[in-house]
Amino acid sequence: MAHWLVKSEPDVYSFSDLTRDGRTTWDGVRNHAAAIHLKAMKEGEEAFFYHSNEGKAVVGIARVVKTAFPDMSDPAGRFVAVEFAPVRAFPKEVGLAVIKADPVLGKMEMIRQNRLSVSPVSDAEWARMLKLAGG
DNA sequence: GCCAACGTTGGC
DNA sequence: GCCAACGTTGGC
């Protein structure tokens, strides 16, 4: 099972919005590298939910409930969307400063390519993040 | 096919 | 508000 990280600006769509909605369509991704990751997601796989700009922290976990399908918001029909459901909020948010300072998490794809909105997370990174999040 | 200009994202 | 990174566009 692969793991992922997705970014969202919380004033656009936050983790609490996802918790309220129960599930959501993750569309609007307009970057091919990110789209490749969306296409690779399998049902049931989990993703860290990161708040960009405001918050700048990983705040919880979402689960893929529908694999890639055409993004209806893309007029050219080239990009794809998936659907996520909430799994749980972290007991403790893991802030960007903590992530960057951590020897394991500091090497994550989201740090290396900071504009990438969907990125893969290794098993070691996943486990480390959960530990810092308080279990 | 190259590359400069430009737009977008996201951290600071 | 500024700037770095980087993807996209368009002229040649």
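Just so it is clear: chains get the letters A, B, ... in the order the sequence lines come, proteins before strands, and each one is counted from 1.
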Trainee: Would you tabulate the pairs of protein nitrogen or oxygen atoms and nucleotide nitrogen or oxygen atoms of nucleotides 6-10 of chain C closer than 3.5 angstrom?
Mentor:
| residue | atom | partner | partner atom | Å |
| --- | --- | --- | --- | --- |
| C:dC6 | O4' | A:R115 | NH1 | 2.8 |
| C:dC6 | O2 | A:R115 | NH1 | 3.0 |

Trainee: Hey, does A:E93 have a side-chain heavy atom less than 4.5 Å from the side chain of A:V58?
Mentor: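 In short, these two side chains do not touch, never coming nearer than 4.5 Å.
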
Trainee: Quick one: does A:T24's side chain get under 4.5 Å of A:E83's, heavy atoms only?
Mentor: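 No. Closest side-chain heavy atoms not under 4.5 Å.
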
Trainee: Look at all strands and tell whether A:L116 reaches a base, only sugar-phosphate, or nothing, counting heavy atoms closer than 4.0 Å.
Mentor: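 Contact class for A:L116: none.
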
Trainee: Do the two ring centres, one from A:H32 and one from A:F79, sit under 6.0 Å apart?
Mentor: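 When the ring centroids of A:H32 and A:F79 are compared, they turn out to be within the sub-6.0 Å range.
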
Trainee: Are there any protein N/O atoms within less than 3.5 Å of an N/O atom in nucleotides 1-4 of chain B, and if so, which ones and at what distance?
Mentor:
none

Trainee: Do the side chain of A:D74 and the main chain of A:R78 share a donor and acceptor less than 3.5 angstrom apart?
Mentor: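 Indeed, once roles are kept as given, a pair shorter than 3.5 Å links the two residues.
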
Trainee: When you compare the side chains of A:S73 and A:R30, does any donor N or O come within less than 3.5 Å of an acceptor on the partner?
Mentor: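 Judged by distance alone, the side chains do pair up.
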
Trainee: Given A:F49, which partner from the list A:W4, A:Y13, A:W26 fulfils the ring pair (Phe, Tyr, Trp, His ring centres under 6.0 Å) test?
Mentor: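 Among the candidates, only A:W26 passes.
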
Trainee: Quick check: do A:M108 and A:M129 have side-chain heavy atoms less than 4.5 Å from each other?
Mentor: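 In contact.
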
Trainee: By the ring pair (Phe, Tyr, Trp, His ring centres under 6.0 Å) test, which pairs, at least two apart or in different chains, include something from residues 92-118 of chain A?
Mentor: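 Output for this query is empty, none listed.
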
